[in-house]
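Here the structure is laid out as structure tokens; the discussion comes afterwards.
The chains referred to below are lettered A, B, ... by the order of the sequence lines, with proteins before strands, and numbering in each begins at 1.
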Amino acid sequence: MKCAEMIETEIETDPVVAVDNRQVVRLPMGLLGFEQFKEYVLLSNLDEAPFRWLRVQDNSALAFVVIDPFLVLPDYSPDIPKPDVEFLKLKAPSDAMLLGIVTIHEAGRATMNLKGPVVINRHTLVGRQVIIANANNYSVTHPLPAAESSD
Amino acid sequence: MLILSRKVGETIVIDGHIHVTVMRVDGEVVKLGIAAPMEVPVHRKEVYEEIQRSNQQALTKQNAPLPKMPKLAAAKKTAAVKI
């Protein structure tokens, strides 16, 4: 009984507030290591840009911070393997929305994963974490630029 | 673990729909051809585990504090994506 109460409390405090844009995204294979989570909400808040949240759609408030990898690395040129292109039904590169998963380390240092971006078909909103064919050229811990010491 | 000997050009079939063929053996390097339905992910284990660990580290709670970033130039579209 205690357990159920705690879960309920968590749901109530789930901080879904002031979201500027939300899209329901389906990752039928989940993310690597999180194959059990298939439904996500991609949340964008203007004041949090360029970061967005890829939140697990189960009231747990579990989420990943994501970013458009091209913002950080304009020369990024991920090569998406053919089975992934077919699975996602991508007809043209512009059909693909890419999200780099961000890891926040100690002292606010942050990195993003460029070997395994989340690739989402913009039209179907179905996605998959893709291990790019040229993964050897990129890091799972590509550093994000840090802000100047004071704003 | 099941251990099978195969020659170049020979195949093993897994679950009736996954075919693994030995394409070439070159010293210590074995080239495998894998034919699997597209919903069956096939990955090199090292990269798979690296990304899995990275995902586990990245998992957070929504509204965790975000790092500060300098202003970034607008991204070009995904034209650089090769499909």
Side-chain angles (χ1 to χ4, degrees), chain A residues 14-16 28-29 31-34 43 48 50-51 53 55 61-65 68 70-72 74-80 82-87 90 92-98 101-105 108-110 113 115-116 119 128-129 131 133 135 140-141 144-148 151, chain B residues 11-21 23-24 26 28-83:
Chain A
D14 181 18
V16 185
M29 273 101 180
L31 295 169
L32 305 195
F34 294 101
L43 303 163
E48 291 178 328
F51 296 107
W53 296 93
R55 192 172 66 106
L62 290 177
F64 296 89
V65 178
D68 177 347
F70 297 101
L71 271 178
V72 178
D75 291 339
Y76 184 45
S77 53
D79 189 350
I80 301 178
K82 197 160 173 268
D84 297 302
V85 171
E86 286 172 9
F87 177 82
L90 301 174
S94 58
D95 290 342
M97 164 167 61
L98 266 73
I101 297 182
V102 173
T103 303
I104 299 166
H105 305 265
R109 193 175 66 88
N113 176 358
K115 281 185 197 265
V119 182
R128 184 178 197 176
Q129 187 167 28
I131 300 181
V140 290
T141 51
L144 296 187
E148 315 285 309
D151 300 352
Chain B
T11 299
I12 61 169
V13 182
I14 301 169
D15 200 28
H17 62 307
I18 298 164
H19 296 240
V20 182
T21 305
M23 309 303 288
R24 195 144 59 91
D26 189 2
E28 290 198 328
V29 179
V30 180
K31 276 215 194 299
L32 301 174
I34 298 151
M38 61 183 171
E39 65 277 7
V40 176
V42 178
H43 300 301
R44 290 178 178 84
K45 188 177 177 185
E46 317 82 75
V47 190
Y48 177 87
E49 288 180 341
E50 193 183 12
I51 293 177
Q52 195 179 37
R53 273 195 303 276
S54 175
N55 284 346
Q56 280 156 358
Q57 283 180 7
L59 183 70
T60 180
K61 286 276 181 176
Q62 197 196 342
N63 288 11
L66 291 169
K68 291 231 184 321
M69 286 252 286
K71 288 263 177 286
L72 297 169
K76 63 180 169 187
K77 291 303 166 199
T78 47
V81 176
K82 262 199 272 169
I83 68 171

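- Here the CG atom belonging to A/L32 is positioned 5.0 Å from the OH atom belonging to B/Y48, to the nearest 0.5 angstrom.
- Going from atom NZ of B/K61 over to atom CG of A/L62 covers 5.0 Å, rounded to the nearest 0.5 Å.
- Looking at A/F51, only its side chain comes within 4.5 Å of chain B, counting heavy atoms on both sides.
- Ranked by non-hydrogen atom pairs under 4.5 Å with chain B, the options A/L144, A/V85, A/V119 are led by A/V85.
- The choice from A/S77, A/G33, A/P78 that makes the most heavy-atom pairs within less than 4.5 Å of chain B is A/P78.
- With a 4.5 Å cut-off on non-hydrogen atoms, A/I104 touches chain B through its side chain but not through its backbone.
- Residues satisfying the salt bridge (Lys or Arg N to Asp or Glu O under 4.0 Å) criterion with A/E48, sequence neighbours excluded, are absent altogether.
- Applying the side chain to side chain donor-acceptor pair (under 3.5 Å) test to pairs two or more places apart or on separate chains, those with a residue in residues 49-60 of chain B are A/Q129-B/N55.
- The minimum heavy-atom distance linking A/M29 with B/M38 is given by the pair CE-O, 4.2 Å.
- Annotation for B/A58 and A/V102: closest pair CB-O, 3.4 Å, computed over non-hydrogen atoms.
- Only the side chain of A/R128 comes within less than 4.5 Å of a heavy atom of chain B; its backbone N, CA, C and O stay farther away.
- Using a 4.5 Å cut-off between heavy atoms, A/A92 contacts chain B through its backbone alone, with no side-chain atom that close.
- A/L31 touches chain B through backbone and side chain together, each having a heavy atom under 4.5 Å away.
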